[in-house]
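Written below as structure tokens is the structure these notes are about.
Numbered from 1 within each chain, the chains take letters A, B, ... in sequence-line order. Source: prediction; values computed, not measured.
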Amino acid sequence: MVTILSTVEAQAPSAAGPSGCGPVPVPVPVVAVPGPGVAAALPNGAPPGPPPVADDSKTNLIVNYLPQSMSQEELRSLFGSLGDIESCKLVRDKVTGQSLGYGFVNYVEAGDADRAIGALNGLKLQTKTIKVSYARPSSASIRDANLYVSGLPKAMGQKEMEQLFSQYGRIITSRILVDQVTGVSRGVGFIRFDKRVEAEEAVRGLHGQKPLGAAEPITVKFANTPGQKSGGALLSLCPGARRYGALHPPPQRFRLDNLLNVAYGVKSPLSLLPRFSPLAIEAVPALAGVGLGTPGPGWCIFVYNLAPEADESVLWQLFGPFGAVTNVKVIRDFATNKCKGFGFVTMTNYEEAAMAIASLNGYRLGDRVLQVSFKTTKQHKA
DNA sequence: TCGTATT
């Protein structure tokens with residue numbers, strides 16, 4: 001484990017991840033670094049060129065679309081399974097302390113950052129699909145670059161909207177809101193530009209304009225910032241409610257086939273899943289975190305019949321969709337570093353853990369059938 | 001008709 005160090009501020013310029021939402025292929029961004037124009041020696045004899053700013057453009061990741069309940073420690077646990085972490089920060093609301101749903105992970109090694117993108121981008125955690133990409137260098141010029149667009153033709157898709165806006169700058173993300181039932185566009189979307197000046201230009205150029213063939217003009221304005229409310233009464237401040245847990249949203253109805261096929265590309269019909277009931281013996285709320293499971297809060301789950309190549313990200317992918325996962329561990333042979341066939345997962349909430357066990361026990365992962373259960377306590381091991 | 005991407 002690595003001690004948390006202060007985040008390095010300065011970064012060399014780099015490209016950001018691709019535009020678009022959700023799990024998308026992440027090309028390794030390479031952008032030429034605009035160097036200083038002059039290379040003259042300094043009076044003090046110091047070497048010419050830029051000051052020795054730390055270049056974390058290849059180690060520092062931004063993680064978006066994190067579940068609301070995910071803590072910084074869980075973020076560290078998730079990404080720490082891929083390599084040593086230099087720093088890790090979950091961004092929170094200054095007033096309430098609530099997660100803003102994104103964070104930064106800076107690895108020691110660039111190769112680990114690259115692997116983390118490959119392993120964790122698109123990971124499903126509860127209701128979210130996280131996005132992992134290289135962080136752009138922090139700068140005031142990239143803030144407040146998010147636009148709200150309404151009045152879009154219902155037939156306009158994300159791609160078309162991007163085409164419309166891309167003439168004004170580089171698009172970081174875009175989204176069109178759709179009716180949850182019908183899936184039809186609500187005519188409302190968001191465009192985040194790389195630079196605020198690009199967004200400003202887009203407002204000037206597109207607000208009140210009619211897209212090609214459209215009947216109505218579109219509205220283009222800056223989107224609300226996270227602090228602003230959009231509708232109902234403002235939630236009362238809850239200074240003490242920084243820790244999730246008690247007020248966890250109920251588990252969703254999971255589509256295992258979707259959730260797991262995305263992660264593994266395997267076919268596994270729900271009909272193959274065992275359906276034993278998650279027994280009630282240990283289901284005494286007051287006893288959560290004791291008895292079964294580990295020291296520390298949560299429910300420890302034993303996972304057996306993992307492949308030798310299994311790593312922590314596999315366990316995150318398997319259990320993350322079911323609810324709050326605080327820790328995962330693959331047990332490896334010391335000499336070979338291969339998985340010894342089993343591992344452990346800690347989940348915060350009993351109901352979610354029980355659902356994960358009920359769903360994943362007997363699940364076929366590749367050519368293996370997993371055995372999943374609550375970890376049994378081996379007492380008195382001195 | 002406003003989900004949450006720059007520490």
Side-chain angles (χ1 to χ4, degrees), chain A residues 4-22 24 26 29 54 56-57 59-68 70 72 75-76 79 85-94 96-107 121 127-154 156 158 161 169-182 184-196 198-199 216 218-232 234:
Chain A
I4 304 178
L5 302 175
S6 62
T7 306
V8 177
E9 283 291 329
Q11 307 171 67
S14 77
S19 64
C21 303
V24 285
V26 178
D56 56 6
S57 64
T59 58
N60 194 28
L61 303 179
I62 184 165
V63 188
N64 291 294
Y65 310 110
L66 291 167
Q68 176 63 37
M70 194 167 198
Q72 181 166 291
L75 183 67
R76 169 175 288 270
F79 283 81
I85 291 174
E86 156 72 20
S87 62
C88 170
K89 178 155 193 176
L90 180 71
V91 179
R92 298 186 184 87
D93 183 280
K94 283 189 175 66
T96 67
Q98 295 287 82
S99 166
L100 293 183
Y102 69 95
F104 296 88
V105 176
N106 194 15
Y107 282 99
N121 184 43
T127 62
K128 303 287 189 176
T129 299
I130 71 170
K131 181 177 176 182
V132 185
S133 55
Y134 289 104
R136 290 172 287 163
S138 183
S139 154
S141 65
I142 69 176
R143 295 179 55 176
D144 304 318
N146 196 27
L147 296 182
Y148 169 82
V149 188
S150 63
L152 292 166
K154 297 291 190 277
M156 181 178 279
Q158 185 186 34
M161 183 176 69
R170 184 156 71 101
I171 295 169
I172 300 302
T173 58
S174 73
R175 169 172 297 178
I176 288 182
L177 302 186
V178 298
D179 185 282
Q180 286 204 356
V181 177
T182 67
V184 68
S185 167
R186 295 167 60 196
V188 172
F190 294 89
I191 295 273
R192 179 179 300 278
F193 279 100
D194 181 40
K195 300 283 192 253
R196 180 173 55 250
E198 296 169 341
E216 301 299 326
I218 59 174
T219 294
V220 183
K221 55 210 265 196
F222 279 86
N224 292 342
T225 50
Q228 299 171 4
K229 55 173 177 162
S230 60
L234 183 60

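Applying the side chain to side chain donor-acceptor pair (under 3.5 Å) rule to A:S141 yields the partners A:S139; only residues at least two apart in sequence or on another chain are considered. For A:K128, the side-chain contact (heavy atoms from CB on, under 4.5 Å) partners at least two apart in sequence or on another chain are A:P67.
For the pair A:R76 CZ and B:dT7 P, the interatomic distance rounds to 19 Å; values are reported in whole Å. Remark: C1' of B:dT7 and CG of A:N64 are 12 Å apart, rounded to the nearest angstrom.
For A:K154, the listed nucleotide lying nearest its side chain is B:dT1; candidates were B:dT1, B:dT7, B:dA5. If you check B:dT7, B:dT4, B:dC2 against the side chain of A:S138, the one that comes closest is B:dT7.
If you check every strand for non-hydrogen atoms under 4.0 Å, A:F104 touches a base.
A:N224 places none of its side-chain heavy atoms less than 4.5 Å from the side chain of A:Y148.
For the OP1/OP2 pair of B:dC2 and a distance below 4.0 Å, the side-chain nitrogens and oxygens of A:K221 include no atom meeting the criterion. Residue A:R192 places no side-chain N or O under 4.0 Å from the OP1 or OP2 atom of B:dG3. Of the side-chain N and O atoms in A:R143, one or more sit less than 4.0 angstrom from OP1 or OP2 of B:dT7. Contact annotation: A:Y102 side-chain N/O to B:dT4 OP1/OP2 distance is not under 4.0 Å.
A side-chain N or O of A:Q158 and one of A:S174 form a donor-acceptor pair less than 3.5 Å apart.
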